[in-house]
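The structure under discussion appears below in the form of structure tokens.
Counting begins at 1 with the first residue of the sequence.
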Amino acid sequence: QGQLVESGGGLVQAGGSLRLSCTISISMYSLNSMAWYRQAPGKTRELVAETISGGSANYADSVKGRFTISSDNAKNMLYLYMYSLKPEDTAVYYCYAEQKMSTGTNACWGQGSQVTVAS
């Protein structure tokens with residue numbers, strides 16, 4: 001398992017913007033994919049955004065048009081740009097990376113970063 005560390009979370013007003021960052025201590029070229037998940041209190045963890053082959057990305061319907069996932073492979077960084085934040089975006093956000101292994105794949109998770117959106 002690789003080490004992933006999130007940063008950039010905090011308190012923001014509704015309608016505001018925030019950028020989450022994830023430092024991934026694994027060569028991104030050894031990764032099948034990278035993603036951001038989130039989990040609100042009392043709810044299951046859900047996929048927010050993920051990178052896919054070809055440089056495209058998938059987004060949850062709830063964040064389409066408001067969130068953007070991007071990466072900087074040279075710096076081993078993954079970002080989540082969040083705009084027009086809503087109170088329902090409040091959750092712990094987790095960085096995720098799927099690592100290529102000889103035995104298959106390995107799921108690597110960050111420790112989570114709290115994002116709280118206030119009205």
Inset, instruction - State the CD-OG distance between Glu98 and Ser33, to the nearest 0.5 angstrom. - result: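 Result: 4.5 Å between the selected atoms.
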Inset, instruction - Give, for atom CG of Leu4 and atom SG of Cys22, the distance between the pair rounded to the nearest 0.5 Å. - result: 4.0 Å
Compare all side-chain heavy atoms of [X] with those of [Y] and state whether any distance is below 4.5 angstrom.
X	Y	value
Arg66	Asp89	yes
Tyr37	Glu50	no
Gln111	Val5	yes
Tyr59	Ile69	yes

Legend entry - Asp61 and Lys64: CA distance, side-chain angles, deciding distance, salt bridge (Lys or Arg N to Asp or Glu O under 4.0 Å) verdict: CA-CA 5 Å; Asp61 288 341; Lys64 284 183 178 178; 3.1 Å; yes
Inset, instruction - Can you sort out the partners of Lys43 under side-chain contact (heavy atoms from CB on, under 4.5 Å), two or more places apart, ordered by chain and number? - result: Ala40
Inset, instruction - Classify the ring geometry between Trp109 and Tyr94 as parallel (under 30°), tilted (30 to 60°) or perpendicular (over 60°). - result: perpendicular
Legend entry - Glu46 side chain to Gln39 side chain, donor-acceptor N/O pair below 3.5 angstrom: no
Inset, instruction - Please determine, by modelled atom types, if Tyr93 and Arg38 share a side-chain donor-acceptor pair under 3.5 angstrom. - result: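 Yes - a donor-acceptor pair under 3.5 Å links their side chains.
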Legend entry - Closest non-hydrogen atom pair between Phe67 and Val48, with its separation: CD2-CG1, 3.5 Å
Legend entry - Minimum heavy-atom distance Ile52-Ala57, with the two atoms named: CG1-N, 3.8 Å
Contacts table for residues 75-84: side-chain donor-acceptor under 3.5 angstrom, sequence neighbours left out:
from  : atom 1 : to    : atom 2 : distance (Å)
Asn76 : ND2    : Ile24 : O      : 2.8
Asn76 : ND2    : Ile26 : O      : 2.6

Legend entry - Cys95 backbone acceptor or donor facing Glu6 side chain under 3.5 Å: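 Yes: the side chain of Glu6 pairs with the backbone of Cys95.
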Legend entry - Test log, rule side-chain contact (heavy atoms from CB on, under 4.5 Å), inputs Tyr96 and Met34: CA-CA 6 Å; Tyr96 167 87; Met34 297 173 286; over 6 Å; no
Legend entry - Option from Asn32, Asn106, Thr105 for which side chain to side chain contact (heavy atoms under 4.5 Å, CB included) with Gln99 holds: Asn106
Please set out all donor-acceptor pairs under 3.5 angstrom arising from side-chain atoms of residues 112-119, sequence neighbours excluded.
from   : atom 1 : to     : atom 2 : distance (Å)
Ser113 : OG     : Gly9   : N      : 3.3
Gln114 : NE2    : Ala91  : O      : 3.4
Gln114 : NE2    : Thr116 : OG1    : 3.3

